[in-house]
Each structure stands twice: as C-alpha cells, then as structure tokens.
Amino acid sequence: METVLGYIYDQPRALREAFKNRDEYIKPFIELFKEKKYKKILFFGSGTSYNVSVLCEYYFKHLANIDAKANYPTVFMNYEKADWSGLLKKEEILFVGISQSGTSISTIDVMKDAKEKGYDTLVLTENLNSEITKHVDYVIHLLCGKEVTPPETRGYTVSVLQVYLWALYLGHELNVVNEYDFDSHLKDTEKLVNNFESVVEESEEWYDRNATTIVNSDRIFILGYGIDFASALEGMLKIGEMLRIPSLGYEIEEYSHGPTMALNKKQTIFMFGSDEKEWDRCLEFRKAFKNYSDRVHLITMKDVENDDRDIVFSIKVNKYLGPIVYTLPMQFVAAKGAKD
C-alpha cells in the first residue's frame with residue numbers, strides 16, 4: 001500500500017531483505033576503504049538523511065575509530081572546510097551524501113563541489129539513475145525501495161541499518177571490533193530483523209492507548225541522549241511533517257537547561273531510554289518531569305518500572321540498533337496522529 005502507514009507496516013520485510021542482501025552495499029564500501037585508506041568521512045543529508053548522518057558520525061567513531069562528521073549541506077558549503085587543520089590530503093577525506101530519492105538539491109550541490117575540488121565522493125541512494133549519481137565518483141544502492149509519499153519511514157530504518165553495518169564491518173576490517181563482538185552484533189541484527197513485527201505491533205498498541213492525550217497536546221518534546229539524540233531529531237521531524245503539532249527535539253540534559261521552564265500539563269514528553277551513561281539520569285528527569293505533566297512517556301528496551309504511558313519493548317538488542325526500534329513509536333504518532 002503506497003501510504004505512510006503502508007510503508008510503516010512493510011518495514012519488517014524491508015529490513016530482512018536489506019540484511020539478507022547486505023553484500024550488495026557492504027562489499028563495495030569496504031573495498032573502497034581498503035584501497036583508499038581514508039582518515040576522515042564527511043556525511044551530508046537533509047531532513048531524514050541528515051538524521052541518518054548524525055548516526056553515521058556516532059557509528060563510525062565508536063565502531064571503527066574513524067573521524068566522522070554529520071553536516072547540513074548548505075551550512076557546510078557556506079561556512080566549513082573539509083579539513084581546518086590542513087594536515088590531511090584531499091585523497092584522505094571521503095564525502096558521503098545520503099539521499100533516498102537522489103534529488104536533494106543542497107546535497108547534490110555539495111557533492112558536485114567536492115568532486116570538482118578533487119575529493120572522493122560517494123552517494124547512498126535508492127534511485128540509481130537519479131541526478132545525484134551524475135555528480136559523484138561512487139554510487140551505492142539503498143535497498144529500501146521507492147516511497148511515493150514524502151515523509152520517509154521505511155527509508156529511514158533501512159538507511160540506519162545499512163550505515164550501521166557499514167561501520168560494523170569496517171570496524172571489523174580495521175581490527176577495532178574483535179571477532180566475538182562482531183558476531184554478537186550480527187546476531188543482534190538478525191534477531192531484530194527477524195522479529196521486527198513485534199516492534200511494529202508494540203509501537204502501534206502504545207500509540208493507540210495514548211492517542212487522545214498525544215493528539216490533544218499543545219506541544220511535544222522528544223528527548224534523547226548518546227546515540228539516540230539522532231532519534232530525537234527524527235521524531236521531531238516526522239511529527240512536525242505529519243501531525244503538525246509544534247515539536248522540539250532536545251538532548252536530554254540540554255532540555256533541563258531552560259526549556260523545562262515552559263513545561264505544563266498540556267504538553268507531552270517522549271523520552272528515549274538508551275543504554276548509555278545517562279540512563280540513571282534519564283530516570284531522574286522522568287520523575288521530575290511528572291511533577292509538571294502526566295504526559296511523560298518512556299520508550300526503552302531496558303527493563304524498568306513502567307505504566308501504560310511507556311513502552312518497554314520485548315525485544316532486547318544492543319544500543320546501536322536502538323534508533324531503528326525507537327523510531328517506530330514516533331512514526332505512529334506522526335502518521336496515525338495525523339489521521340486521528
């Protein structure tokens with residue numbers, strides 16, 4: 001079904017297919033890295049693709065020890081350089097554009113400019129005949145399938161899976177990820193894609209039991225930390241695109257430095273309880289926020305005391321896969337919330 005909800009429900013199939021056919025996008029990426037030995041990767045994208053880029057920065061730093069940076073294309077073009085230190089050669093830097101449709105003008109412009117200046121350029125895109133493919137050195141297929149509706153859902157989760165596997169396999173190739181951890185990561189990934197229906201079902205059930213207060217909110221705050229700051233950005237984007245209630249994504253600690261002063265009982269908070277250093281801090285904030293609003297929802301895979309406002313997902317996988325899991329509730333808030 002070519003609707004946002006149709007694509008949401010299709011994600012289990014799409015993720016399984018992308019994992020099954022992972023050699024198609026992993027092998028060319030790893031072979032390129034082995035040949036070129038890049039020291040820095042700059043990731044570019046707008047909207048959902050920028051949020052994927054933020055995850056790329058985290059994945060490549062933490063899994064492969066590679067200097068990586070997420071960039072808004074236009075901001076980079078106007079104010080940034082590939083290497084401010086002047087210590088890296090052009091051939092040591094890779095520009096990676098992420099564009100599902102391959103038609104994002106700002107991403108095309110930055111890749112075209114980089115290529116003209118002598119940098120290696122690569123795009124991850126679903127459309128192998130799109131405009132951006134004409135302006136880069138290397139093209140790798142995004143295996144999400146075309147989404148006719150503009151707000152990308154299936155495209156986001158499949159993109160996250162593919163860039164995570166890029167970083168994981170590169171970390172293994174560079175001996176940053178040992179054999180035991182590599183196998184553990186792959187087993188977790190296989191477990192997630194083979195049981196993703198449960199993530200969809202539990203997310204929709206959570207939305208349905210909280211729909212009335214969510215869609216009648218004055219404002220929605222989405223809070224994340226560590227790897228799931230990117231999830232907060234994606235949640236803010238999806239809800240803004242479809243539900244169109246004012247929505248703000250914050251790093252959880254930063255939310256407490258001022259924006260909390262505006263919190264009231266008509267506002268809703270979604271908190272991603274990631275398996276990061278701030279977990280205990282997250283629970284402290286949750287308790288404090290409930291003094292000002294009953295509409296505080298914890299979304300996590302970690303076992304913790306909870307009620308109907310929360311989701312504690314039954315599936316348990318590593319934190320690197322958390323962003324794939326946690327985006328589902330936000331997709332239902334956006335799509336079913338708009339419909340409601």
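Everything numeric here is computed off the predicted structure, so don't read it as measured data.
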- Message: Between D109 and K112, is the salt bridge (charged side-chain N to carboxylate O under 4.0 Å, His left out) condition met? List the steps.
- Response: CA-CA 5 Å; D109 286 345; K112 182 179 180 181; over 6 Å; no

List the atom of [X], the atom of [Y], and the distance in Å for their closest heavy-atom pair.
{"X": "P12", "Y": "V200", "value": "CG-CG2, 3.9 Å"}
{"X": "E92", "Y": "L87", "value": "OE1-O, 4.4 Å"}
{"X": "G45", "Y": "Y50", "value": "O-CB, 3.1 Å"}
{"X": "D137", "Y": "K115", "value": "OD1-CE, 3.4 Å"}
{"X": "S106", "Y": "S46", "value": "OG-OG, 3.1 Å"}
{"X": "L63", "Y": "A167", "value": "CB-O, 4.0 Å"}

Are [X] and [Y] packed together at the side-chain level, in the sense that at least one heavy-atom pair is separated by less than 4.5 angstrom?
{"X": "N210", "Y": "R309", "answer": "yes"}
{"X": "C144", "Y": "Q100", "answer": "yes"}
{"X": "C282", "Y": "M271", "answer": "yes"}
{"X": "V52", "Y": "Y59", "answer": "no"}

- Those residues that, when tested against S247, pass side chain to side chain donor-acceptor pair (under 3.5 Å) (two or more places apart):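 Result, side chain to side chain donor-acceptor pair (under 3.5 Å) vs S247: none returned.
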
- Do you know which of W166, Y169, Y38, Y138 makes ring-ring contact (aromatic ring centres under 6.0 Å, His included) with F29? W166

- Message: Pair D183, K187 - check salt bridge (charged side-chain N to carboxylate O under 4.0 Å, His left out), show working.
- Response: CA-CA 6 Å; D183 289 342; K187 287 177 182 176; over 6 Å; no

Short question: side chain of [X], backbone of [Y] - any donor-acceptor pair under 3.5 Å?
{"X": "T133", "Y": "N129", "answer": "no"}
{"X": "Y25", "Y": "A18", "answer": "yes"}
{"X": "D181", "Y": "V177", "answer": "no"}
{"X": "N78", "Y": "V75", "answer": "no"}
{"X": "N21", "Y": "E17", "answer": "yes"}
{"X": "S293", "Y": "T268", "answer": "no"}
{"X": "R209", "Y": "D308", "answer": "yes"}

Working to the nearest 0.5 Å, report the span between [atom1] of [X] and [atom2] of [Y].
{"X": "I239", "Y": "E241", "atom1": "CD1", "atom2": "CD", "value": "11.0 Å"}
{"X": "E253", "Y": "L223", "atom1": "CD", "atom2": "CG", "value": "11.0 Å"}
{"X": "N264", "Y": "Q267", "atom1": "CG", "atom2": "CD", "value": "4.0 Å"}
{"X": "E116", "Y": "H135", "atom1": "CD", "atom2": "NE2", "value": "9.0 Å"}
{"X": "S256", "Y": "F285", "atom1": "OG", "atom2": "CZ", "value": "3.5 Å"}
{"X": "L142", "Y": "T125", "atom1": "CG", "atom2": "OG1", "value": "7.0 Å"}

Pairing of [X] and [Y] as salt bridge, 4.0 angstrom limit:
{"X": "D208", "Y": "K336", "result": "yes"}
{"X": "E190", "Y": "K20", "result": "no"}
{"X": "E31", "Y": "K34", "result": "yes"}
{"X": "D294", "Y": "K290", "result": "no"}

- Output all residues satisfying ring-ring contact (aromatic ring centres under 6.0 Å, His included) with Y255, sequence neighbours left out; order by chain, then residue number. F221, Y250, F289

- Got more than 12 heavy atoms from elsewhere within 6.0 Å of NZ, K266?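 Enclosed: over 12 neighbouring heavy atoms sit under 6.0 Å from NZ of K266.
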
- Atom NZ of K316 with >12 non-hydrogen neighbours under 6.0 angstrom: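 Above 12, so yes.
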
- Item | side-chain hydrogen bond (donor to acceptor under 3.5 Å, both in side chains) evaluation trace for S314 with E202 | CA-CA 8 Å; S314 58; E202 290 169 20; 2.5 Å; yes

Quick check on the hydrophobic clustering: are [X] and [Y] connected, directly or via other members, by side-chain heavy-atom contacts under 4.5 Å?
{"X": "F332", "Y": "F313", "answer": "yes"}
{"X": "V215", "Y": "M236", "answer": "yes"}
{"X": "I227", "Y": "L237", "answer": "no"}
{"X": "I26", "Y": "F33", "answer": "yes"}
{"X": "I269", "Y": "F229", "answer": "no"}

- Query: Quick one: hydrophobic cluster around V123, which other residues, with the 4.5 Å side-chain cut-off, linked directly or via members?
  - Reply: L42, F44, F76, M77, L88, I93, F95, I108, V110, M111, Y119, L128, I132, V136, V139

- Not counting sequence neighbours, list each pair that qualifies as a salt bridge (Lys or Arg N to Asp or Glu O under 4.0 Å) and has a residue in residues 61-89.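 For residues 61-89, and leaving out neighbouring residues, the salt bridge (Lys or Arg N to Asp or Glu O under 4.0 Å) pairs sorted by first residue read E57-K61.
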
- Query: Taking only residues at least two apart or on different chains, which pairs with a member in residues 212-235 satisfy salt bridge (Lys or Arg N to Asp or Glu O under 4.0 Å)?
  - Reply: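 Only E234-K238 qualify under salt bridge (Lys or Arg N to Asp or Glu O under 4.0 Å).
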
- Under the side-chain hydrogen bond (donor to acceptor under 3.5 Å, both in side chains) criterion, do Y9 and E204 qualify, and how do the steps go? CA-CA 10 Å; Y9 296 134; E204 186 168 21; 2.8 Å; yes

- Message: Run H141 and E24 through side-chain hydrogen bond (donor to acceptor under 3.5 Å, both in side chains) and show every step you take.
- Response: CA-CA 8 Å; H141 199 190; E24 183 176 341; 3.2 Å; yes

- Can you check side-chain contact (heavy atoms from CB on, under 4.5 Å) on Y164 and L55, steps first, answer last? CA-CA 8 Å; Y164 160 64; L55 285 169; over 6 Å; no

- Query: Given C56 and I98, is the side-chain contact (heavy atoms from CB on, under 4.5 Å) satisfied, shown in steps?
  - Reply: CA-CA 10 Å; C56 287; I98 300 173; 3.9 Å; yes

List, one per line, each side-chain donor-acceptor pair under 3.5 Å for residues 317-330, sequence neighbours excluded.
from, atom 1, to, atom 2, distance (Å)
N318, OD1, Y320, N, 2.9
N318, OD1, L321, N, 3.3
N318, ND2, H185, ND1, 3.3
N318, ND2, D188, OD2, 3.2
K319, NZ, Y58, OH, 3.3
K319, NZ, E276, OE1, 3.0
Y326, OH, M301, N, 3.1

- Check the angle between the aromatic planes of H297 and W206 and answer parallel, tilted or perpendicular using the 30° and 60° thresholds. perpendicular

- Query: Can R16 and E197 be said to form a salt bridge (charged side-chain N to carboxylate O under 4.0 Å, His left out), step by step?
  - Reply: CA-CA 11 Å; R16 279 193 289 272; E197 282 85 358; 2.8 Å; yes

